[in-house]
Structure formats: C-alpha cells, structure tokens
Amino acid sequence: MFRFGLPLLLLVAFSLAGCGERGTLDAARGDAERGRLLVARYHCGHCHAVPGVPAARGLAGPDLASYARRSYIAGRWPNEPARLASWIAEPQALAPDTPMPNLGVSATDARDIVAYLATLR
Ligand code: HEC
C-alpha cells in the first residue's frame, strides 16, 4: 500500500515546482502563490471574479478568468507584465476616469498579483 507513496509525493512535488517556475518566467519574477493570497487580502474579489480565489466573485469589475490570454488591459493598453503591475498599483495613473479604485497596492505586491494573473490561462 505504501509502495506508491514516495514516487507519488515526488511527482506532486515536481509538478508543483514546475508550476512555480512557469509563473516566475511569465511575469518578471513575481511570486504567483503569494499573488493569489494578495488578491484575497486586498479584496479584489469584491469587484472581480478571480479563478482560484474562492471569495472572489464580484461583478462590479470585469471577470479576470483567463487573464493571461487577454490582449488588452481595460480594453486599452497591451497586456504586458509591467503595464499590468502599474494598473493594479495605480489605475488612475493610466486612466484618470477609471472606476477601479487605488487600493494602495505596493509595487512588490502588484508584481506578485501579476504573476498570479499570468497563471490564469
Ligand atoms: C471597487 C471595485 C474594484 C476593486 C476593489 C478592484 N477593481 Fe479591478 N477593476 C474594477 C473596474 C470597475 C474595472 C474596469 C475599469 C475600466 O475598464 O476602466 C477594473 C479593471 C481591472 C483590470 C483590467 C480588466 C480588464 O478587463 O482588462 C484588472 C486586471 C483589475 N481590475 C485587477 C484588480 C486587482 C488585482 C484588484 C485588487 C488589488 C482590483 N482589480 C480591485 C473595479 C475594481
């Protein structure tokens, strides 16, 4: 019964390590798992539906499902990691008229949230 225990554990460990690596490459070294927790902590889900964050089911803002495959941020700017991080940290700097509030997200936190959004394919 325990014969498969270790190989299975190693397999899970390796596949988790693989995910982390991909997230890192996708979004300029952000920490995707930390980003997922930050989405909950900043209450982004009050306004957005975000896969992987159970409480995030808000409808006031766009659904962030498959965000890694979106071409544009808010329909206006190319969806690039640095641009997305500045949108999250200070949306009014890009779009003074946007209803998305400035939540005081630090640059580091924004980078990690971008890393998480980059995992949503
Ligand atoms: C009070 C509601 C509210 C909160 C809280 C909020 N947002 Fe938004 N967000 C919006 C709205 C509304 C838009 C659409 C803005 C626009 O199109 O100008 C938006 C747009 C966005 C977009 C671009 C969506 C697209 O379709 O390209 C992203 C990404 C985003 N928000 C991420 C976040 C993250 C991450 C957080 C938490 C740190 C957050 N938002 C918190 C309301 C909110």
Identify the two heavy atoms, one from A118 and one from A68, that lie closest to each other, and give their separation to 0.1 Å.
O-CB, 3.4 Å

Please report the shortest heavy-atom distance between W87 and A95, naming the atom on each side.
CZ3-CB, 4.1 Å

As a test of understanding, state which of L103, L117, D112 forms a side chain to side chain contact (heavy atoms under 4.5 Å, CB included) with I88.
L117

Only distances under 3.5 Å count here; give the side-chain donor-acceptor pairs of residues 41-57 to other protein atoms, sequence neighbours excluded, each with its distance to 0.1 Å.
{"residue": "Y42", "atom": "OH", "partner": "D109", "partner atom": "OD2", "Å": "2.6"}
{"residue": "H48", "atom": "ND1", "partner": "P62", "partner atom": "O", "Å": "2.7"}
{"residue": "R57", "atom": "NH1", "partner": "P54", "partner atom": "O", "Å": "3.2"}

Only distances under 3.5 Å count here; give the side-chain donor-acceptor pairs of residues 77-86 to other protein atoms, sequence neighbours excluded, each with its distance to 0.1 Å.
{"residue": "N79", "atom": "ND2", "partner": "Y67", "partner atom": "O", "Å": "3.0"}
{"residue": "N79", "atom": "ND2", "partner": "R70", "partner atom": "O", "Å": "3.0"}
{"residue": "S86", "atom": "OG", "partner": "A82", "partner atom": "O", "Å": "3.4"}
{"residue": "S86", "atom": "OG", "partner": "R83", "partner atom": "O", "Å": "3.0"}

So the salt bridge (Lys or Arg N to Asp or Glu O under 4.0 Å) pairs with at least one residue in residues 90-99 (sequence neighbours excluded) are R76-D97

Rounded to the nearest 0.5 Å, what separates atom CD1 in I113 from atom CZ in R36?
12.5 Å

Any donor and acceptor pair, going by atom type alone, linking the side chain of S66 with main-chain N or O of R121 inside 3.5 Å?
yes

